[in-house]
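Below is one structure, written out as structure tokens; the observations come after it.
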Amino acid sequence: MADDTNDPYASSRIPVTARLFVLKSDISEDFVRASGPGGQNVNKVSTAVQLRFHLSSNETLPEDVKSRAARLAGSRLTLQGEIVLQADRYRTRERNRADALERLIELLRKATEKPKPRKATKPTLGSKKRRLDAKKQRSQIKKMRGRGGRFED
């Protein structure tokens with residue numbers, strides 16, 4: 001991002017990395033009643049946050065990041081292409097909102113990391129020799145079984 005002073009959408013951006021961001025319009029929040037500590041307050045106030053990130057309709061993230069994010073989200077990804085995060089760790093609505101958003105950004109940051117490609121390697125000469133020696137030894141053990149226990153070399 002260059003100069004944010006000329007950008008009319010700067011206030012609606014949530015940074016993921018130095019170059020990537022998501023728009024606030026891609027995120028929706030619902031407040032539900034939380035379980036856990038809080039006394040009578042738990043029964044009266046909806047402090048838990050159910051954050052929904054519209055991954056499939058997002059236009060700011062590249063396709064490879066979106067596919068990795070979908071894989072990382074696992075069961076939290078709905079059939080409609082939304083990532084749903086439930087945050088009810090804290091007693092206040094504000095802290096739960098911050099917690100849910102932080103967890104979403106962390107998931108998206110992990111999705112930006114490209115997996116290191118596996119390089120195929122050949123077995124070393126020593127490992128081939130050890131494998132064949134172990135096979136010979138096992139073969140000798142099996143030859144000793146059965147009728148008379150013949151030993152052949």
Side-chain angles (χ1 to χ4, degrees), residues 1 12-39 41-43 46-153:
M1 283 187 288
S12 66
R13 291 181 176 179
I14 301 169
V16 175
T17 64
R19 294 177 182 223
L20 295 177
F21 62 91
V22 293
L23 297 174
K24 288 182 182 176
S25 60
D26 288 337
I27 296 173
S28 63
E29 296 173 332
D30 294 321
F31 297 99
V32 293
R33 290 192 179 151
S35 61
N41 196 46
V42 166
N43 300 326
S46 299
T47 55
V49 177
Q50 198 175 58
L51 183 136
R52 292 178 177 274
F53 175 65
H54 309 284
L55 184 66
S56 59
S57 63
N58 177 277
E59 296 175 0
T60 60
L61 298 175
E63 284 302 316
D64 62 328
V65 173
K66 286 164 71 169
S67 65
R68 284 194 293 269
R71 189 173 33 80
L72 284 171
S75 62
R76 295 175 290 190
L77 184 70
T78 65
L79 294 174
Q80 291 78 30
E82 293 179 329
I83 296 176
V84 180
L85 297 173
Q86 177 92 11
D88 58 359
R89 194 181 308 176
Y90 301 104
R91 289 186 183 197
T92 63
R93 185 180 278 198
E94 292 76 26
R95 286 181 75 185
N96 282 329
R97 284 179 77 183
D99 181 43
L101 187 61
E102 191 177 300
R103 285 171 33 207
L104 174 69
I105 290 172
E106 184 61 33
L107 184 139
L108 293 175
R109 275 196 193 119
K110 281 183 185 174
T112 60
E113 298 170 6
K114 292 182 179 167
K116 198 168 99 176
R118 183 189 178 279
K119 293 178 183 173
T121 58
K122 293 182 179 178
T124 62
L125 187 64
S127 67
K128 286 180 186 177
K129 189 169 172 35
R130 285 189 297 273
R131 182 179 142 269
L132 292 175
D133 287 344
K135 286 177 68 132
K136 282 180 189 171
Q137 187 177 8
R138 187 74 186 149
S139 170
Q140 291 300 324
I141 290 170
K142 289 186 175 188
K143 276 184 185 174
M144 296 299 285
R145 295 183 187 153
R147 292 190 286 190
R150 292 186 299 261
F151 183 80
E152 299 171 20
D153 199 16

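- Separation of atoms CD (Gln86) and CZ (Arg52) is listed at 9.5 Å; rounding is to 0.5 Å.
- The two residues Ala100 and Leu85 make their nearest non-hydrogen contact at O-CD1, 3.7 Å.
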- For Leu108 and Phe53, what are the C-alpha separation, side-chain angles and deciding distance, and is it a side-chain contact (heavy atoms from CB on, under 4.5 Å)? CA-CA 11 Å; Leu108 293 175; Phe53 175 65; 4.3 Å; yes
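- Between the CG atom in Leu104 and the CZ atom in Arg109 there is a gap of 10.5 Å [rounded to 0.5 Å].
- If you run side-chain contact (heavy atoms from CB on, under 4.5 Å) between Asp133 and each of Arg130, Arg131, Lys135, Lys129, only Lys129 comes through.
- The heavy-atom pair separating Leu107 from Leu72 by the smallest distance is O-CD1, 3.9 Å.
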- Message: Under the criterion side-chain contact (heavy atoms from CB on, under 4.5 Å), I'd like the reasoning laid out for Lys114 against Arg68: C-alpha separation, chi angles, the key distance, then a yes or no.
- Response: CA-CA 9 Å; Lys114 292 182 179 167; Arg68 284 194 293 269; 3.7 Å; yes
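- Of the inter-residue distances, the one linking Leu51 atom CG with Asp99 atom CG reads 10.0 Å to the nearest 0.5 angstrom.
- A 6.0 Å sphere centred on CZ of Arg103 holds more than 12 heavy atoms belonging to other residues, nucleotides or ligands.
- Once rounded to the nearest 0.5 Å, the distance linking NZ of Lys110 with CZ of Arg71 reads 12.0 Å.
- We find that Glu94 and Arg97 are not joined by a salt bridge, their nearest charged nitrogen and carboxylate oxygen being 4.0 Å or further apart.
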